[in-house]
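For reference, the structure discussed in these notes is given below.
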Amino acid sequence: MATSLYRIGRWAFRRRRLVGGLWLSVLVLAVAAAALAPAGEDEDLAMPGTESQKAFDLLDERFPQSNSQGAEARLVFRAPDGQRVTARQNKAAVEDALTSLDEGEQVASTTNPYTTGAVSEDGTIAYSTITYTADAVDLTASAKSALEDTASRARSAGLTVEIGGSALDAEEELGGTTEMIGVAVAAVVLVLALGSLVAAGLSLLTAFVGVAIAFCLVSALAVPLGLTSTVAILALMLGLAVGIDYALFITSRFRDERARGSEPEEAAGRAVGTAGSAVVFAGATVVIALVGLGVVGIPELTKMGMGGAGAVALAVLVALTLVPALFGFFGRRVLSRAVRKATRAAGERSHPVPGAAGRPGLGTRWARFVLRRPVAVLMIAGLGLGAVALPALSLELGLPGDESKSVQTTQRRAYDLLSEGFGPGFNGPLTVVVDMSGSADTRAATDLVARTVRAVDGVKSVGEPVLNKAQDTAVLTAVPRTAPNSGETKDLVHAIRDAVPGVEADTGAGILVTGTTALNIDISEAMSDALVPYLSVVIGLAVLLLTVVFRSVLVPVKAALGFLLSVGAAFGVLVAVFQWGWAADLIGIEQTGPVMSLMPILIIGIVFGLAMDYEVFLLTRMREAYAHGASPGEAIVNGFRHSGRVVAAAAIIMISVFAGFIGMNSPTIQTMGVGLAAAVAFDAFVVRMAIAPAVLALLGHRAWWLPRILNRVLPKVDIEGEALGRQVPSSAGESGAAVRRLPVGRD
């Protein structure tokens, strides 16, 4: 692999105008496709195979008209203190406001709270339901404006009015302050790490090219593939983070080769052949882990995985081709000023730079410190991560609703008013679907179902059954006494499902419990059940891949255990912040609750690949030094001397990018940002830079042991670029021409 990538690097360097033109063309086509494509829709989560999803599918079949409605809004009215919303003047204000909205653009219907019974028992709160002919993303600005004007009209009469429902939902917009801060921090770190504005700009430019193409492709394919804005944001987040990191790794290696006296084209080839091999492997692990999310069975999670995997794959291709092409455009300006001066003094191209390598930097000093005190470092780092991971034992999964939004939003205030007026369970009603196609007496069946559900402890009320035109399906609405995300509501769903089998046996009807609350519960339980199997698959894959790469048994086991520690600590942070509310005010979280159910598996898939990035880039240099005769301790120091600073910079960049998305007003993106930033910080700085060298120091030569039978069976993957020390073409364009021997050297 190293030799092939070496040729690609040299070819891209020589044909830089062609490579640059091709990527520019791809970018223009992607932008054009995104601009011409229709806007996608944010779809509700689905979980095929669960009872709640089966019920939704049955409703789509038996109630096609009612289930094809567009967006919905709820206008919630509250009377002034000491008054009732049923008072003459307040009733007139409500009805007057609704009348003005009834004939509005895209409005299908409005309900009158005084005729539908949508008034609280104490008479202080009422609500009207407005349905639209279009989905939320297709609602016009004037339709939304009319809804807000209606609320303002009622407010002018002294009423408190808030708006809930999906009508005001909007796709998350990018380009906020926190994202820009994250990119700015990444730029500063690049300049400090590389000592060159040109080199830093090169890494940012290539990352932006890759992520722009990925984002535009996701936008262009949103409608045909059903991709949501969350998929686009994940692609942007991942593509930007790994794109900068991969460009940094290859640029750093190119500068090392140039400092050693290699000609520019040769340095580009060797940088892609060595660091590029690690980039390919690291990118492949991320792609495999993200694509593997499809086995969980949630379409939205599968789409997120595929979108993120596509962005990472593009970042790898850009790093292998566009980065070496830009080396050719920028020339010596990629090097730091100090190295440029030294190369001129040493003879530009033919001699290594004096003192360019071997300086005892921070990475070298840290590695030697760990070698002197491996047990102490291992104990402190391991116990520290274990302590941070302890809150993960209390992990609860759920899906956020309006209750998780800021109290500054009208949706959250509407949610609170409805809870106050109609009880906490009103915002999360359960839908009981009765399939009576096999029942002889439909009336008796629905009555028995209603009585059975009412008798279940925790049910506040059960509405009258609504039958479809064929009279073979009935729908009953059961309102719980507790809030949608509470444990009591979860128990209630199971209690109703446990109570209905007897009714099914007596009536021949099929009974299913669904609704948004029930579906969220089913998805959360499915995620919990899939967490351990998916984690086992990921750990097994990590051990297998690292065994092949490093020709070792204990190194992969150490890497897998370290990965578990970093993921566990990240989960602990999520629980502490989002469930317990620690430091929640700092990131704008006003309501604690369960961790979003998709996050643990998604974080495992992403962090697995990113953890392998740092493992590969650090241990590749260690393995290379050990294979060339260095002692285990010398190999550890060599790895940190050449890769420690770059890996630290890459980790800070990735943390900055992920943390930059925490400020977005979306619980999903906030949770993802916090979880990924924490996981990368723990994995890079604690696991890979403290625990890993401490364990390797304690293992000594045994760290690189591989049974003979495995050595014969396992394929040879030249990720260190050893083949470049043998014969390779002096030019990528040679075919059967003379070859020359390239010195590997001890970097």
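Keep in mind that this is a model prediction, so the values were computed, not measured.
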Judged by atom type as modelled, is there a donor-acceptor pair below 3.5 Å linking the side chain of [X] to the main-chain atoms of [Y]?
{"X": "T507", "Y": "A509", "answer": "yes"}
{"X": "T489", "Y": "A483", "answer": "yes"}
{"X": "K460", "Y": "T482", "answer": "no"}
{"X": "E162", "Y": "R412", "answer": "no"}
{"X": "T431", "Y": "T477", "answer": "no"}
{"X": "Q411", "Y": "I163", "answer": "no"}
{"X": "E72", "Y": "T129", "answer": "no"}
{"X": "Q106", "Y": "T140", "answer": "yes"}

For residues [X] and [Y], determine if any side-chain heavy atom of one lies less than 4.5 Å from a side-chain heavy atom of the other.
{"X": "P429", "Y": "P484", "answer": "no"}
{"X": "L512", "Y": "V432", "answer": "no"}
{"X": "T446", "Y": "M436", "answer": "yes"}
{"X": "W582", "Y": "V573", "answer": "no"}
{"X": "I603", "Y": "L574", "answer": "yes"}
{"X": "I511", "Y": "V449", "answer": "yes"}
{"X": "M599", "Y": "L397", "answer": "no"}
{"X": "F578", "Y": "P594", "answer": "no"}

| Below 4.0 angstrom, N of the basic side chain to O of the carboxylate: do R497 and D522 qualify? | yes
| task | For the pair D447 and R443, find out whether any cationic side-chain nitrogen is under 4.0 Å from an anionic carboxylate oxygen. | result | yes
Least distance between heavy atoms, [X] atom then [Y] atom:
{"X": "T111", "Y": "P113", "answer": "O-CD, 3.6 Å"}
{"X": "A478", "Y": "V459", "answer": "CB-CG1, 4.4 Å"}
{"X": "I601", "Y": "A530", "answer": "CD1-CB, 3.8 Å"}
{"X": "A167", "Y": "A71", "answer": "CA-CB, 4.1 Å"}
{"X": "P600", "Y": "L531", "answer": "CB-CD1, 3.8 Å"}
{"X": "A143", "Y": "Y132", "answer": "O-OH, 4.3 Å"}

Find the distance between [atom1] ([X]) and [atom2] ([Y]) and round it off to the nearest 0.5 Å.
{"X": "L301", "Y": "M527", "atom1": "CG", "atom2": "CE", "answer": "6.0 Å"}
{"X": "I521", "Y": "L430", "atom1": "CD1", "atom2": "CG", "answer": "7.0 Å"}
{"X": "I125", "Y": "F422", "atom1": "CD1", "atom2": "CZ", "answer": "7.0 Å"}
{"X": "T514", "Y": "F56", "atom1": "OG1", "atom2": "CZ", "answer": "3.5 Å"}
{"X": "N520", "Y": "E525", "atom1": "CG", "atom2": "CD", "answer": "11.5 Å"}
{"X": "K91", "Y": "L159", "atom1": "NZ", "atom2": "CG", "answer": "14.0 Å"}

| request: Mind running salt bridge (charged side-chain N to carboxylate O under 4.0 Å, His left out) on D435 and R62 for me, showing each step along the way? | output: CA-CA 9 Å; D435 180 5; R62 305 284 176 87; 3.0 Å; yes
| field | P80: which of T124, V85, N90 passes side chain to side chain contact (heavy atoms under 4.5 Å, CB included) | value | N90
| request: For a side chain to side chain contact (heavy atoms under 4.5 Å, CB included) with V434, tell me which candidate from L448, T473, L476 qualifies. | output: L476
| Mind checking what makes salt bridge (charged side-chain N to carboxylate O under 4.0 Å, His left out) contact with D491, not counting sequence neighbours? | none
| request: Not counting sequence neighbours, which residues clear salt bridge (charged side-chain N to carboxylate O under 4.0 Å, His left out) with E420? List them please. | output: R78
| said: Are Y415 and F426, when compared by the centres of their aromatic rings, separated by less than 6.0 Å? | reply: no
| task | Would you sort out whether L395 and Q579 count as a side chain to side chain contact (heavy atoms under 4.5 Å, CB included), showing the intermediate values? | result | CA-CA 8 Å; L395 178 65; Q579 285 184 209; 3.9 Å; yes
Whether over 12 other heavy atoms sit under 6.0 Å from [X] [atom1]:
{"X": "Q471", "atom1": "CD", "result": "yes"}
{"X": "W580", "atom1": "CH2", "result": "yes"}
{"X": "D81", "atom1": "CG", "result": "no"}

| request: With sequence neighbours left out, write down each residue that passes side chain to side chain contact (heavy atoms under 4.5 Å, CB included) with A146, or none if nothing qualifies. | output: L101
| request: Kindly determine whether I662 and I669 satisfy side chain to side chain contact (heavy atoms under 4.5 Å, CB included), including the steps that lead there. | output: CA-CA 7 Å; I662 295 175; I669 305 303; over 6 Å; no
| task | Report the C-alpha separation of R153 and D96 in whole Å, then their side-chain angles, then the decisive distance to 0.1 Å, and conclude whether the side chain to side chain contact (heavy atoms under 4.5 Å, CB included) test is met. | result | CA-CA 9 Å; R153 187 169 181 171; D96 179 60; 3.1 Å; yes
| query | Side chains of S419 and N427: do they bring a donor and an acceptor to under 3.5 Å? | reply | yes
| field | Polar side chain donor-acceptor pair, T131 to S109, under 3.5 angstrom | value | yes
| field | CA sep, side-chain torsions, deciding dist, call: L234, I606, side chain to side chain contact (heavy atoms under 4.5 Å, CB included) | value | CA-CA 10 Å; L234 177 62; I606 295 173; 3.8 Å; yes
